[in-house]
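Below you'll find the structure, written out as structure tokens, and then a few comments.
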Amino acid sequence: MTTLFQTTIEKLLSAHHLLDKFRAQLNFHVRFDMPGYQRLVIERHAELISVAHYFEQNGDLVPDPEVELHYPTWTPTAITQAFGVRRTKFITRMNDMVLVDTRFDREVSSFLSMWARNIQAQGWAQRSQVHDDQR
């Protein structure tokens with residue numbers, strides 16, 4: 001099932017002619033800048049997707065938020081918010097059973113839907129400038 005977040009990020013990449021590259025390359029990185037907003041960075045490292053806004057503090061870049069997703073399913077696996085608040089999807093095996101934190105998917109998916117609507121409303125696909133070192 002395709003989520004609103006996946007659709008939004010893929011439309012942003014497609015608007016800048018980067019979707020095919022994102023899908024084909026095991027290592028992908030692109031930065032989008034738009035006046036008045038924190039930079040938006042999309043990365044792919046094999047089966048890991050990272051999407052993050054970054055702000056600068058004392059010369060350091062700080063992600064807020066950053067979400068990690070599994071590629072190609074786009075299933076959220078972790079979320080980090082400013083100042084080190086990180087939550088990962090809890091999955092463990094115990095006595096031949098797999099235990100999964102089902103609240104994680106529901107809560108993070110709700111947040112990602114809101115973030116996707118914000119990215120759309122702010123016009124990132126139409127108004128942002130792309131900085132792609134791979135071109």
Side-chain angles (χ1 to χ4, degrees):
M1 178 175 124
T2 303
T3 65
L4 179 61
F5 190 77
Q6 176 183 350
T7 301
T8 300
I9 298 303
E10 287 181 341
K11 283 183 181 177
L12 172 60
L13 292 169
S14 182
H16 292 279
H17 310 288
L18 294 169
L19 183 56
D20 290 338
K21 194 178 285 190
F22 171 83
R23 289 176 173 164
Q25 295 181 347
L26 289 179
N27 290 297
F28 173 89
H29 175 274
V30 66
R31 183 182 91 216
F32 297 94
D33 290 315
M34 196 163 65
Y37 295 94
Q38 297 174 350
R39 69 188 64 180
L40 179 63
V41 175
I42 301 168
E43 296 179 286
R44 177 170 166 224
H45 305 285
E47 293 181 352
L48 172 73
I49 301 168
S50 170
V51 180
H53 278 295
Y54 283 88
F55 67 90
E56 193 169 325
Q57 182 179 32
N58 300 322
D60 293 327
L61 291 176
V62 180
D64 186 34
E66 176 187 27
V67 65
E68 295 175 6
L69 306 112
H70 176 265
Y71 185 82
T73 65
W74 288 78
T75 303
T77 58
I79 188 165
T80 304
Q81 293 175 292
F83 311 112
V85 178
R86 179 175 170 82
R87 184 171 172 203
T88 58
K89 185 173 186 173
F90 176 79
I91 302 173
T92 191
R93 290 189 181 275
M94 182 184 291
N95 300 329
D96 295 328
M97 293 181 0
V98 176
L99 304 175
V100 179
D101 178 5
T102 56
R103 293 174 300 169
F104 180 87
D105 284 338
R106 188 172 51 252
E107 293 167 3
V108 173
S109 294
S110 175
F111 172 77
L112 293 180
S113 291
M114 178 186 65
W115 192 6
R117 287 189 301 274
N118 288 344
I119 289 170
Q120 291 174 357
Q122 293 162 357
W124 283 88
Q126 299 81 21
R127 299 177 36 221
S128 63
Q129 291 185 335
V130 65
H131 299 276
D132 175 20
D133 299 333
Q134 304 172 53
R135 286 187 191 234

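Quick note: residue numbers are just sequence positions, from 1.
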Spatial distance of atom CG (Leu40) from atom CH2 (Trp124) [nearest 0.5 Å]: 5.0 Å
For Thr8, side chain to side chain contact (heavy atoms under 4.5 Å, CB included) partners two or more places apart: Leu4, Ala116, Ile119, Gln120
From Leu69 atom CG to Ile9 atom CD1, the distance as rounded to the nearest 0.5 Å: 9.0 Å
Nearest heavy atoms of Gln122 and Met34, plus distance in Å: O-CE, 3.3 Å
For Gln129, all residues meeting side chain to side chain donor-acceptor pair (under 3.5 Å), sequence neighbours excluded: none
Side-chain donor or acceptor of Ser113 paired with backbone N/O of Ser109 under 3.5 Å: yes
For Thr73, all residues meeting side chain to side chain contact (heavy atoms under 4.5 Å, CB included), sequence neighbours excluded: His70, Thr75
Ser128 side chain reached by His16 side chain, heavy atoms, under 4.5 Å: yes
Those residues that, when tested against Thr77, pass side chain to side chain donor-acceptor pair (under 3.5 Å) (two or more places apart): none
Qualifying residues under side chain to side chain donor-acceptor pair (under 3.5 Å), relative to Trp74, sequence neighbours excluded: none
Val30 and Phe22, any side-chain heavy atoms less than 4.5 Å apart: no
Remaining members of the apolar cluster that contains Tyr54, side-chain heavy atoms under 4.5 Å: Val41, Leu61
Quick one: side chains of residues 45-52, donor-acceptor pairs under 3.5 Å with protein atoms, not counting sequence neighbours, listed by atom name and distance.
{"from": "His45", "atom 1": "ND1", "to": "Asn27", "atom 2": "OD1", "distance (Å)": "3.2"}
{"from": "Ser50", "atom 1": "OG", "to": "Glu66", "atom 2": "OE2", "distance (Å)": "2.7"}

Side chain proximity check, Phe32 to Leu13, heavy atoms < 4.5 angstrom: yes
Non-hydrogen atoms of Pro76 and Asp105 that approach each other most closely: O-OD1, 4.0 Å
Side chain to side chain contact (heavy atoms under 4.5 Å, CB included) involving Met114 - partner list, sequence neighbours excluded: Phe111, Arg117, Asn118
Salt bridge (charged side-chain N to carboxylate O under 4.0 Å, His left out) against Arg23, all qualifying residues, sequence neighbours excluded: Glu10
Minimum-distance pair of heavy atoms, taken over all atoms of Phe55 and Asp64: CE2-CB, 3.7 Å
With Asp33 via salt bridge (charged side-chain N to carboxylate O under 4.0 Å, His left out) - residues at least two apart: Arg31
By side chain to side chain contact (heavy atoms under 4.5 Å, CB included) - contacts of Ala78 (at least two apart): Glu68, Arg86, Thr88
Salt bridge (Lys or Arg N to Asp or Glu O under 4.0 Å) partners of residues 48-62, not counting sequence neighbours, each pair once: none
